[in-house]
Amino acid sequence: MAAAAGERRIGLLADALAQREVQWLIVSAPANVRYLAGYSGSNGLLVLAAAGTRARHLFLTDFRYETQAEQEVGTHAPGCERRIVTGELVQAAGQLLSGEDPAALGEGGATGEGAAAKRRHGPLERVGFDEHDLSVARHDRLADALGERFELVGCGGMVERLREVKEPEEQRRIAAAAELADGALTQVLEGGLVGRSERQVAIELERTMQELGARAASFPTIVASGAHAALPHAQPRAAQIEAGTLVTIDWGCVLDGYCSDCTRTYAAGAVGGRAKEVYELVLAAQQAGLDALVPGRSGKEVDAVAREVIERAGFGERFGHGLGHGVGVEIHEGPRLSRTASDDPLRAGTVVTVEPGVYLPGELGVRIEDLVVVEEQGARSVSSLPKQLTVVS
Ligand code: ZN
Ligand code: ZN
């Protein structure tokens with residue numbers, strides 16, 4: 001993230017908290033902590049104060065991460081006061097807010113002089129937490145530490161909703177990850193497909209992405225040929241790729257903290273008419289989905305447009321998953337494009353995949369996936385590899 005990008009994001013959340021009349025927000029999910037404060041360690045927690053409360057935002061971690069927090073949080077969210085605490089972070093947060101642990105407070109800070117005394121008599125304060133992330137046990141420890149003057153309010157999804165709209169710098173990073181992944185596959189395909197095992201191709205692809213600078217694959221690479229490709233989430237096998245089959249490759253990498261995701265289906269040698277027919281159908285459905293992707297439409301509507309193409313051809317039952325998902329600091333995030341997605345209009349700046357597929361058990365599978373930025377004028381793809389059916393021997 002760009003320096004101090006976290007400040008802007010935290011500011012937006014602080015405003016949203018004030019609107020919801022929630023005084024504090026406990027941010028516990030690691031991806032959210034990283035997004036807001038730049039912190040990439042494994043034990044970090046944010047306690048954000050609503051705008052207008054004059055309280056400071058806090059970042060909590062333990063002594064192992066003191067230096068890392070100083071560097072990362074100090075750069076990306078310098079307005080957060082860093083606290084080194086012992087024990088479980090949510091419990092420490094509860095104690096800090098309730099003023100039960102004045103020794104840990106130091107000077108000023110979120111609570112300050114007399115805060116505990118004030119709280120014993122003041123109005124109930126609302127503390128937002130992430131019900132999708134906190135286990136019941138951690139929630140209970142937080143509630144115990146806060147005591148009766150505080151009310152816990154489920155605020156899950158607030159940070160995720162902010163994360164959906166990507167800043168230009170985030171879009172650039174996602175595009176760079178996609179470009180690196182495309183380059184890696186191009187390199188691997190030069191070695192051919194027929195006669196190599198699915199596992200060999202997958203391992204080589206992941207290694208090549210790392211050699212080109214990626215931190216890791218953004219999810220376990222899928223290489224599936226022939227009837228095996230009829231499993232949408234097939235695991236690469238030791239089996240050799242046979243000539244005359246379709247091969248689905250779904251891959252991506254993490255670069256500078258952002259993920260990429262793409263799928264191409266190749267012909268390993270010449271394939272039959274049925275394979276070509278299904279391929280063209282999926283390609284047409286994908287194009288329809290891409291064309292329908294404009295701000296203001298809902299994820300449900302865009303899914304329906306692509307799905308209709310497949311349904312009209314009689315393969316509706318064989319496209320059993322959603323059309324796409326958001327991609328960012330996590331490989332699967334909002335917004336979703338699916339039959340069960342919300343009716344909320346898609347916003348410009350979101351980054352989503354468009355990935356219809358047709359899976360014929362015992363026979364073949366085809367999926368074609370692009371990663372795109374939703375812009376005012378429509379979808380801008382950051383996936384660059386050609387989509388006409390390509391023969392790789
Ligand atoms: Zn994918
Ligand atoms: Zn995907």
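Order of listing sets the numbers, starting from 1, for every ligand and every atom in it.
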Heteroatom of [X] nearest to the Zn ion (ligand 1) (N, O or S, atom name):
X      : answer
Glu369 : OE1
Asp250 : OD1
Asp261 : OD1

> Do you know which two heavy atoms are closest between Ile174 and Cys259, and how far apart they sit?
Replying inline: CG2-O, 3.8 Å
> Quick one: do Glu170 and Arg163 make a salt bridge, cutoff under 4.0 Å?
Replying inline: no
>> Between Arg9 and Glu167 (salt bridge meaning N to carboxylate O under 4.0 Å), is one present in this structure?
In response: yes
> Strictly under 6.0 Å, is that where the ring centroids of Tyr35 and His76 end up?
Replying inline: no
>> Against the six-membered ring of Phe150, is Arg126 placed for a cation-pi contact (under 6.0 Å from the centre, within 45° of the normal)?
In response: no
> Is the Zn ion (ligand 2) less than 2.8 Å from at least one N/O/S atom of His332?
Replying inline: no
>> Which atom name would you report as the N, O or S atom of His325 nearest the Zn ion (ligand 2)?
In response: NE2
>> Suppose we only allow N, O or S atoms; which atom of Glu355 ends up nearest to the Zn ion (ligand 2)?
In response: OE2
